[in-house]
Every structure is written in structure tokens, then in C-alpha cells.
There are 2 protein chains.
Amino acid sequence: MGISERKEREKSYRREEILDAAQKVFFEKGLTAATMDEIAETAELSKGTLYLYYKCKEDLYLGVMMRGMQILHDRLADVIAKNRPVPQTLADLAQAFFDFFNAHRNYFRMLHFLQSPQLHKQATEEMQTNCRTLNHQTWELVIDLLRRGIRDGSVRPDLNPAEVLVILWSSATALLLRIDSEDDRWHERFHIDLVQTLNLSNALLFGAIFTEQGRRQLAESSVL
Amino acid sequence: MGISERKEREKSYRREEILDAAQKVFFEKGLTAATMDEIAETAELSKGTLYLYYKCKEDLYLGVMMRGMQILHDRLADVIAKNRPVPQTLADLAQAFFDFFNAHRNYFRMLHFLQSPQLHKQATEEMQTNCRTLNHQTWELVIDLLRRGIRDGSVRPDLNPAEVLVILWSSATALLLRIDSEDDRWHERFHIDLVQTLNLSNALLFGAIFTEQGRRQLAESSVL
DNA sequence: CGTAGAAACTGACCATTAGTCATTAACTGA
DNA sequence: TCAGTTAATGACTAATGGTCAGTTTCTACG
């Protein structure tokens, strides 16, 4: 019978509508300053209704955050799907991450929520698991790429791909975070441009994880 | 006249007592879950009195955080004061940071507060400035060391010391943050030990920023 | 139709808590 | 001893996350 299906559709549509409202408010105010009353008003619903669809404020936040994670995942998957040589693909991934950072700054700022137990402790286990699963999927994409690089001789075979991933990912996100919040200060105080520093960091790490052949491949394609 | 001086002493002593109480509560509960009432009770003062000494909850938090930053600063300064060769000193600094992370986990967890405008926006400008100044001082220590390394030929002269600092600092803190909150998950899911990964990260970056001579120096002293 | 029952929705209400301020207590100096 | 200053108090306010009894809307069936 089609009615229960329609109900399901409406229900998940309503969930998305609520996320739309939450996103608007979280983007403007951040987690703490955003209020459930304002989200309810933006969604043109009563506060009580929000709680029929999401257990708590933090779950709403994670819901919005997952949209951002999905966008990032898709962008990176696109890059990998192009199937260019591994070294060039890694450079493209770094660029895609940077593009995501610029195009979706508000989502980027939410991504660190998962990192701090202090903050996400209140979210439901289920929501946290959903986020982490998506995270892991994205990481697996890159790990697979690194494995390919090891097989084709462009990535050092003595390195564990998962270790390489977490090193690249951590240093990139840490520097982007600084670019987001401290770029001016580093410019004034130390006369450096953190975007340039991010490129340097990637160059240093790429140089360290590629084989001689991998470095040659990257240099050739970068020259063009 | 000695009385006004004694009053000053008592005032700053009281400020420290309040920080002691705040520290205890923040360590146990974190910023959000800690309440001013509990801090007041722990300090055996009324809540109103807290606000005579600190403008807001966030200032108290930053006050406690600065204690941690000072400890870290002192540890790193100690290492640098030993005046070992630059490459070995950098390795020692990495180890000292890791030791700080282990010995003062609660302080470490507070350090990321400054990074997120969402969070520290409410703290007074003055308190934020104090924190950043201390931060800069610590960074200057390392930048000076890197300059020395460039002069003595152990660090690549084509790199900007401030850029090298922020790369090393960011990747180290980012990995420590993951070790703190995600070590188990990385172990289970990807079968890697993030502490080992941190060492790998440092090794890769050191290899990339040292000259041939610097790498030799490090290898020699590490062998011992 | 009409109605019983289910599902969706509401907003007044509660509990918690950051921050305030009029009042009180303690101290100082003459 | 006392006027004036400084320190401390805690009842109070406003804001806000979350709840739930009651209302409305929808569905299925006689």
C-alpha cells in the first residue's frame, strides 16, 4: 500500500527540511549560539516537532556536518575516478580538499566537531557512527589509491598506506584550520602566507612518500 | 606603604585559588559541562566573587589553559637550553611535546580552544592576547632554533623557518589530537598505532627539512 | 459519510545555568 | 570609634535545551 511509503517519503523530506533550517542557523551562529527556538522558527515548525525528528541539538549538528562530509567525499571520489597517475592524483586530492575548504567554509568548520569528545559526547551513538562510517569510506578511497601507488612503484613500499593517509590528512586539515582562523596573524607576526605553507607541507610530504619514479611522474605532470 | 602591596598579593593569590578550583572542575567536566556554581563551591567562594576576578567563564578557561601553555613552553625551553645540535634538538622537542601530552593530557585537551573562534569568541580580548603572546613566544623559540640550524648548515637554507615551524607544529598537534581521541579506532579499523605514525611523520618531515649534513647529525646521535 | 484510533504537531512548561547587583561584611586610616 | 572603602554574598533574571499533556490532522473501516 502506497500510503505508508508516502508517509516515509514525507518523513524523510521533513527531516531534510529541518536540516535545511538547522544548517542556516548553525552556519550563521555556530553550535553554541544557535538556539533550537530559532531553528524551529526557521523551519516553520514548533520546537517540539524538532525533537520528534532529532534527539538533540548535537544530532542536528552532526546531520548538517554529514552533508559537508558527503560533499568532500564526492569531490575526492571524482578526483580518484579520473584515474590519473597516483602522484598526480594525490596532488589533485590536495587541491580538491583546498577547493572544498574555500567553497564550503562553513561545512569545513564543522568537521572538527567529531574530533573533540567534549563536544560530541552528547550526540547519539547512532549519529556518531554514521559520521565515522562516512569518514572511513573517504579515507579508504585514499588508502586504496596509496596501495595502487605502491603496486605501480610510485609510492614507497616500506610505508603503511593507512599511516601515510593519516599523516597527509592530519597535516592538511591542521593547516587549513589555521588558514581559516589565523592566517592574518601569521602574516603580520611571521610574514608568511599559510596557503603557501600548506603547499610546502604537501610538497615535503609528497617528496618523502614517493619513490624516485613517483617524484619524476609528479614533476613531469606539474611542469605542464 | 605595605598594605596596598599586601592587598595586591592577596588579590593575585585569590586569582590563583580561583584558577585552582576552575582547573579541577574543567579537568573533570570540560568547558561546557562545568558550571560556575560548581567552581564557586570548589573555591569556597560565592559565584559573584568569581566575577570580581574573571569577566566570564571563558576567561577562566583561558586562565587555566595558560598554565598548560606555560608548562609546555618551559619544557621546550629546557630542551633548547641544552644546546645540542639542531637536528637532535628538534627530535628532543618532538619527544618533549609527546611527554607533555602524556603527563598533562588535560592541559593538552584545552589547547585547541584558541583555534576555534566559535568557542573563544566570548573570552575577553585581553585574555586572548595573553594566550597568543605566550604561544608566539614558544614558537619563536623553535624558529630561532631553526635559524641556527640554517646558519650551521643542518637545516635547508631555502626554507622559511616560520613555515617549517608551523608545519611541524601543526602536524604534531593534529596527530596527538587523534591519538588522544581516536587511537583505538585507528587500531581496530586500520591496524596502525598512531604513536608510531607520529614518529613516522616526524621522521619524514625531518628528512625533508634537514640538509644532508643535518640528517647525518641526527642519525649519528640517534644511533647511540 | 462518520467515527475511532493513530500519527503528527504544538507551545506552555520545567530545570539548568551564565551573569548581575543591591545588600552586607570586613577592613583601613584617622 | 567611626566614616569610607573594598571585598564578598546570594537571591534574582534572562536565556535556553528539552519535555509532555493536549490538540489537530490524517487514515482506515463500518
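In this text, all values refer to a predicted model and were calculated from it rather than measured experimentally. All chains are named by letter (A, B, ...) in the order of the sequence lines, taking the proteins before the strands, and each is independently numbered beginning at 1.
Two residues are said to be in side-chain contact when any heavy atoms from C-beta on lie closer than 4.5 Å; A:I167 and A:V164 fail this criterion.
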- [ ] Evaluate the salt bridge (charged side-chain N to carboxylate O under 4.0 Å, His left out) criterion for residues A:K29 and A:E38: first the C-alpha distance (whole Å), next the side-chain angles of each, then the deciding distance (0.1 Å), finally the verdict.
- [x] CA-CA 10 Å; A:K29 310 268 178 93; A:E38 188 176 352; 2.7 Å; yes
TODO: Go through the steps to decide whether B:R84 and B:D92 satisfy the test salt bridge (charged side-chain N to carboxylate O under 4.0 Å, His left out), and finish with yes or no.
DONE: CA-CA 9 Å; B:R84 304 180 75 187; B:D92 290 346; 2.8 Å; yes
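One atom, OH of A:Y51, and another, P of D:dA21, lie 18 Å apart when rounded to the nearest Å. Atom C1' of nucleotide C:dA7 and atom CD of A:E8 are separated by 12 Å, given to the nearest angstrom. What separates NZ of A:K55 from C1' of D:dT19 is a distance of 14 Å, to the nearest Å. Following rounding to the nearest Å, B:K11 (NZ) and D:dT6 (P) show an atom-to-atom distance of 9 Å. Counting to the nearest Å, the P atom of D:dA21 and the CG atom of A:L52 are 14 Å from each other. Atom NZ of B:K57 and atom P of C:dT20 are 15 Å apart (whole Å).
Atom NE2 of residue B:H73 and atom CE of residue B:M66 lie 11.0 Å apart, to the nearest 0.5 angstrom. Note that the CH2 atom of B:W186 and the CG atom of A:L165 stand 5.0 Å from one another [nearest 0.5 Å].
Considering only side-chain atoms of A:E58, the nucleotide from C:dT10, D:dG18, D:dT9 that sits closest is D:dG18. Listed nucleotides: D:dA8, C:dA8, C:dA18. Nearest to the side chain of B:R14: D:dA8. Proximity note for B:C56 (side chain, C-beta onward) versus C:dG19, D:dA7, C:dC9: the nearest is C:dG19.
When each of A:Y61, A:F100, A:F27, A:F26 is tested with A:Y107 by the rule ring-ring contact (aromatic ring centres under 6.0 Å, His included), just one qualifies, namely A:F27.
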Under 3.5 Å, which protein N or O atoms sit close to an N or O of nucleotides 23-26 of chain D? Give each pair with its distance.
none

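A:Y53 comes within 4.0 angstrom of sugar-phosphate atoms only, judged by non-hydrogen atoms across all strands, and of no base.
A side-chain N or O of A:D74 and one of A:Q70 form a donor-acceptor pair less than 3.5 Å apart.
When every heavy atom of B:S170 is checked against every heavy atom of A:A174, the shortest pair comes out as O-CB, 3.6 Å.
Between B:R185 and B:E188, none of the side-chain N atoms (NZ, or NE/NH1/NH2) sits under 4.0 Å from a carboxylate O, so this pair counts as no salt bridge.
Near DNA chain C, meaning a heavy atom under 4.0 Å away, the residues from residues 25-49 of chain A are A:L45, A:S46, A:G48, A:T49.
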